[in-house]
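Convention: sequence-line order gives letters A, B, ...; per-chain numbering from 1.
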2 protein chains.
Amino acid sequence: MLTAPLPRGDGLALWRQIASRLEAAITSGQLVAGARLPTETDLAEALAVNRHTIRRAMEELTGRGLVRVEQGRGSFVAEEVVEYPLGSRTRFSEIIRAQSREPSGRIIRIAEIPAEGRVAELLKLRRGRAVVVAERLGFANGRAILLGMHHFPAHRFARIAALLADNPSISAALAASGVPDYRRQITRITARMPSPEEAELLGQARTRPLLLAEAVNTDPEGVPVDVTFTRYAAGRTQLVVEGA
Amino acid sequence: MLTAPLPRGDGLALWRQIASRLEAAITSGQLVAGARLPTETDLAEALAVNRHTIRRAMEELTGRGLVRVEQGRGSFVAEEVVEYPLGSRTRFSEIIRAQSREPSGRIIRIAEIPAEGRVAELLKLRRGRAVVVAERLGFANGRAILLGMHHFPAHRFARIAALLADNPSISAALAASGVPDYRRQITRITARMPSPEEAELLGQARTRPLLLAEAVNTDPEGVPVDVTFTRYAAGRTQLVVEGA
DNA sequence: ACAAATTTGTTCGTATGTATG
DNA sequence: ACATACATACGAACAAATTTG
């Protein structure tokens, strides 16, 4: 229980105990993401400690990203932020699972279109050559994290539309198409506001920005197999670049 | 002149000639960044070609990032986008100069404050230890690109406030403080909307998002010397991750 | 809240020049 | 000489987004 009496003098600082209880309440799902915490005064009273002690616990939790405090409004359980590493072996499902969340995906659209400017250039195709575009939502624990737009050269990956329709995993589809391994080459990152459809698909307010990443995946021989433009829900995602 | 008659049948496609002329007008400074181009219809009329031909030229220029086209509004000379690499040796002035732009900086604020949660953790300092905070605007060709908030451990870098007041270069200040070399360790990237002050300082519309990066710079021994939160003007900056 | 004007986006169809075999 | 493919260029009409009244 959140308000059970706190043992004192056990060598465990009160603020630590309080932080642990709140953390347990959050990770157990008793307090869901976005939920409002009791006011500091209420907590202090219920636990029979000074408000400073509560604040020290809050500081700990905000520092670890579990709680978000807004002056004058209250304290809230932080929405879960997925840390998305941008290494060369980035695989959506592995990343999500590494953070003990359940990955899933949904294909929004598959089409074959002629390659235009940027895509043709990055795939090293002539303008007008056919590419398969696949738009795909990626979820962690059922919550939309990213919206990827993949472009595969149609001549090499003729079957990929059918494969993706069957299983929305990009790496599985590439593996079944004879590319068991690939690496990410360069990612350019910027941000912009979402279109109404993007906000809708990502389940995000239209007033919150998107992170955009552009990446080229190449097979072991260095041939581009996939040009991807990914839109991340900025509030729920943090891209992590390993330095050096 | 932009509207001189176009030679036909010289083996140079009309759209190529048009694209070249527009490119010349842009790179020569005749059309400045952000300037509006004539409408497609006007250009087609002036050059006595079909609007499709103009559009083919525009496609070329947008693909190369020289022009930005907005439906219902018009076409504009693209604002220069700074490519900001996130390697471990990131130095603002070197990056800007490498793109043949003139770097400059301005210190907004220097203060000594006690380290709180995240900063203390990343700097491996005890909470409450003094840190020097320096807020600094970075410009390329006089245009604000980023707003960095640096945190230095005060005990090690006592003179840094004075040094920065004299010369706003972070790397120069660190060098003068006995750290000639440092590397960036990890960068977390996310995005959010700017506060009114941030938008003001960066000279950016409040409706355009910021890119946020969190980085730790360490000396060659791996000791943290600077924790930095950088806010990039998303419309003018593209972070580039080399995937190795 | 609505209408009109402006501007870019898309999709037809048609014709011509050029390179290839 | 002929057929074919492809890029180029033109014309017309309509759709969609934005700005203005």
Side-chain angles (χ1 to χ4, degrees), chain A residues 108-135 147 149 151 153-156 158 191-202 204-207 209-210 212 229 231, chain B residues 2-26 31-79 81 204-209 234-235:
Chain A
I108 303 298
R109 179 176 77 102
I110 301 187
E112 196 167 316
I113 61 165
E116 31 86 23
R118 187 97 184 120
V119 171
E121 179 188 334
L122 291 173
L123 277 178
K124 295 179 185 159
L125 288 180
R126 272 214 300 274
R127 269 184 8 94
R129 285 312 188 78
V131 290
V132 176
V133 229
E135 229 167 340
L147 178 56
M149 188 145 126
H151 303 76
H155 64 94
R156 181 167 177 190
R192 64 163 167 78
M193 302 312 290
S195 72
E197 301 80 50
E198 288 167 337
E200 161 80 27
L201 283 168
L202 287 166
Q204 183 181 278
R206 283 211 305 277
T207 54
L210 300 179
L212 302 200
F229 303 110
R231 289 148 286 183
Chain B
L2 207 59
T3 58
L6 294 165
R8 292 177 185 239
D10 281 10
L12 241 186
L14 292 176
W15 67 264
R16 276 198 186 284
Q17 301 186 45
I18 296 167
S20 301
R21 284 196 189 175
L22 288 169
E23 181 180 357
I26 290 168
L31 288 169
V32 298
R36 183 174 186 161
L37 298 180
T39 69
E40 296 176 354
T41 318
D42 285 356
L43 271 178
E45 199 170 333
L47 292 166
V49 298
N50 193 277
R51 184 161 79 102
H52 286 303
T53 310
I54 302 292
R55 286 180 62 73
R56 181 64 189 85
M58 289 296 192
E59 198 179 323
E60 175 74 12
L61 295 172
T62 53
R64 289 197 288 140
L66 283 150
V67 165
R68 161 178 54 92
V69 177
E70 295 181 34
Q71 183 172 14
R73 300 227 311 131
S75 303
F76 306 85
V77 179
E79 301 185 23
V81 173
Q204 182 182 277
R206 282 212 305 277
T207 56
R208 306 193 79 175

For C/dT8, take OP1 and OP2 only and decide whether either is under 4.0 Å from a side-chain N or O of B/S75. yes
Taking the side chain from A/R231 and the backbone from A/R192, do they hold a donor-acceptor pair closer than 3.5 Å? no
Does a side-chain N or O from B/R55 land closer than 4.0 Å to OP1 or OP2 of C/dG9, or not? yes
Assuming nearest nucleotide by heavy-atom distance, tell me which of B/G72 and B/H52 is located more 5' along DNA chain C. B/G72
Output the rounded distance in Å from CZ (B/F76) to P (D/dT18). 11 Å
With both distances under 3.5 angstrom, what nucleotide forms a Watson-Crick or G-U wobble pair with C/dA1? none
Could you state the atom-to-atom distance from CD of B/E70 to P of C/dT6 in whole Å? 20 Å
OP1 or OP2 of D/dC10 sitting under 4.0 Å from any side-chain N/O of B/R51? no
Provide, to the nearest angstrom, the distance between the CD1 atom belonging to B/I54 and the P atom belonging to D/dG11. 13 Å
Rounded to whole angstrom units, what separation is found between the CG atom of B/L61 and the C1' atom of C/dT8? 16 Å
Regarding B/R16, tell me which of base, sugar-phosphate or nothing describes its non-hydrogen contacts under 4.0 Å with the strands shown. nothing
Return the nucleotide paired to D/dA1: Watson-Crick means purine N1 to pyrimidine N3 with N6-O4 or O6-N4, wobble means G-U with N1-O2 and O6-N3, both under 3.5 Å. none
Nucleotide of C/dT10, D/dA15, D/dC10 approaching B/T53 most closely (side-chain heavy atoms): D/dC10
Nearest-Å distance, CH2 (B/W15) to P (D/dC10)? 14 Å
Do other residues, nucleotides or ligands put more than 12 heavy atoms under 6.0 Å from B/E45 CD? no
Is it true that atom CZ of B/R208 has more than 12 heavy atoms of other residues, nucleotides or ligands lying nearer than 6.0 Å? no
From CG of B/N50 across to C1' of C/dT14 the rounded distance in Å is 12 Å
Roughly how many Å is it from CE in B/M58 to P in C/dT7, rounded to a whole number? 13 Å
State, yes or no, whether a side-chain contact exists between A/L210 and A/L202 at a heavy-atom distance under 4.5 Å. yes
